[in-house]
**Q** 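So that we are looking at the same thing, I have put the structure below in structure tokens.
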Amino acid sequence: MLLRFGFCLILLFIESIIAQENGFSKLKNARCSALQDCSVNGDCLECQFPSECKLNEDIVANCTTLPNCVLRQSLTKAAKCRFCWQSDPWEHTCDPVANCSSTSTQLVPTRCTIHWDVICMGKRHFYKNVKCNWTSGHSWAKALFLSVVLGGFGVDRFYLGLWKSGIGKLFSFGGLGVWTIIDVILIATGYIRPHDGSHYV
């Protein structure tokens, strides 16, 4: 029973990846058919790279525009010998990562897309493991201000979503001032973060 359930989950995961790839190709086809000159957009080109080239070596790739482009042509493009997932960080854009703990050292997979002007081998959409650096919108400056001004009433803790310790701080009058001073230092150094583990804005 458990084995069957695990197998079904794997099949659903594979189907979702295939559906995403089909969605990307339909979007790419629609975008390329709307362009007057497909030769300037790497998404609208199919390129052949030399079979024996070294990583990051400058090469010339033989490219043809996709069949749905207005003007079908063959051309050469200057490129680097590498797969799209090997591109530099400024050459692709990754989806923001959410629902993970920013204090964790574990990497999180996210979907990335190569920029339209980059020519590379392989799929132009790929997954990459990145560090979690998502935010839920809590401001560090606002948390520090609340800690200094209203910290004795636990307002800083309530703002960060730490309501249990906020109630304790409220009824102990900020630990008679000691807890308030400690919280000002901990928030100023970034040791106390929002309850969900996200980064400050």
**Q** With a 4.5 Å heavy-atom cut-off, do L160 and I192 have their side chains touching?
**A**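 When only atoms from C-beta onward are counted, I192 and L160 do touch, with a gap below 4.5 Å.
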**Q** Side-chain donor-acceptor pair under 3.5 Å between H92 and T113, yes or no?
**A** no
**Q** Nearest heavy-atom pair of C84 and I114: which atoms, and what distance?
**A**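 In this case the closest contact between C84 and I114 is O-CD1, 3.9 Å.
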**Q** Under 2.5 Å between the SG atoms of C44 and C69?
**A**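 The sulfur gammas are not closer than 2.5 Å, so no.
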**Q** Run the side chain to side chain contact (heavy atoms under 4.5 Å, CB included) check on Y127 and C112 step by step: do they pass?
**A** CA-CA 6 Å; Y127 286 89; C112 300; over 6 Å; no
**Q** Using 0.5 Å steps for rounding, measure from the CE atom of M121 to the CZ atom of R82.
**A** 9.5 Å
**Q** Calculate, to the nearest 0.5 Å, the distance between atoms OG and CH2 belonging to S147 and W140 respectively.
**A** 11.0 Å
**Q** Is there a donor-acceptor contact under 3.5 Å from the side chain of N41 to the main chain of D43?
**A** yes
**Q** May I have all residue pairs that pass salt bridge (Lys or Arg N to Asp or Glu O under 4.0 Å) and include part of residues 144-163, sequence neighbours excluded?
**A**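 Salt bridge (Lys or Arg N to Asp or Glu O under 4.0 Å) check on residues 144-163 returns D156-K169, R157-D183.
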**Q** Would you say the side-chain atoms of T189 pair up with the backbone N or O of I185, donor to acceptor, closer than 3.5 Å?
**A** yes
**Q** Roughly how far, to the nearest 0.5 Å, is the NE2 atom of H125 from the CG atom of D95?
**A**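 That separation rounds to 10.5 Å.
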**Q** If you count the non-hydrogen atoms of other residues, nucleotides and ligands that lie under 6.0 Å from CZ in F158, is the total more than 12?
**A** yes
**Q** Is there a chain of hydrophobic side chains (I, L, V, M, F, W, Y, each step under 4.5 Å between heavy atoms) that links F153 to L176?
**A** no
**Q** Could you pull out the closest heavy-atom pair between C47 and I119, with the gap in Å?
**A** SG-CG2, 3.9 Å
**Q** Give, for atom CZ of F126 and atom CZ of F83, the distance between the pair rounded to the nearest 0.5 Å.
**A**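 Those atoms lie 12.5 Å apart.
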**Q** Keeping R124 on the side-chain end and H115 on the backbone end, is there a donor-acceptor pair under 3.5 Å?
**A**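 At least one qualifying donor-acceptor pair exists.
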**Q** Any side-chain heavy atom of S39 within less than 4.5 Å of one from Q73?
**A**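 When only atoms from C-beta onward are counted, Q73 and S39 do touch, with a gap below 4.5 Å.
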**Q** Would you name the heavy atoms of V40 and K77 that are closest together and state the gap between them?
**A**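 So the two residues come closest at CA-NZ, 4.2 Å.
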**Q** To check you understand the geometry: which heavy-atom pair defines the closest contact between W179 and S165, and what is its length?
**A** CH2-O, 3.4 Å
**Q** Is L186 reachable from Y159 through a run of hydrophobic residues whose side-chain heavy atoms are each under 4.5 Å from the next?
**A**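 Linked within one cluster.
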**Q** Flag yes if V178 and V184 sit in one hydrophobic cluster, no otherwise; membership is Ile, Leu, Val, Met, Phe, Trp, Tyr, and two members link when side-chain heavy atoms are under 4.5 Å apart.
**A**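 Yes.
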**Q** To the nearest 0.5 Å, what is the distance between CD1 on I187 and CZ on R193?
**A** 13.0 Å
**Q** Answer yes if Y191 and L144 sit in the same cluster of Ile, Leu, Val, Met, Phe, Trp and Tyr residues linked by side chain heavy atoms under 4.5 Å apart, and no otherwise.
**A** yes
**Q** For C94 versus T110, what's the shortest heavy-atom pair and its separation?
**A** CB-CG2, 4.0 Å
**Q** Show me the pairs that pass salt bridge (Lys or Arg N to Asp or Glu O under 4.0 Å) and involve residues 48-69, at least two apart or across chains.
**A**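 Sorted result for residues 48-69: D58-K80.
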**Q** Establish whether L170 and V149 are linked, either directly or via other cluster members, by ILVMFWY side-chain heavy-atom contacts under 4.5 Å.
**A**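 Yes, L170 and V149 fall within the same hydrophobic cluster.
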**Q** Tell me the closest heavy-atom pair linking I59 and C53, and the distance in Å.
**A** CG2-CB, 4.0 Å
**Q** If I take atom CG from residue N56 and atom SG from residue C81, how far apart are they, to the nearest 0.5 angstrom?
**A**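 The CG atom of N56 sits 8.0 Å away from the SG atom of C81.
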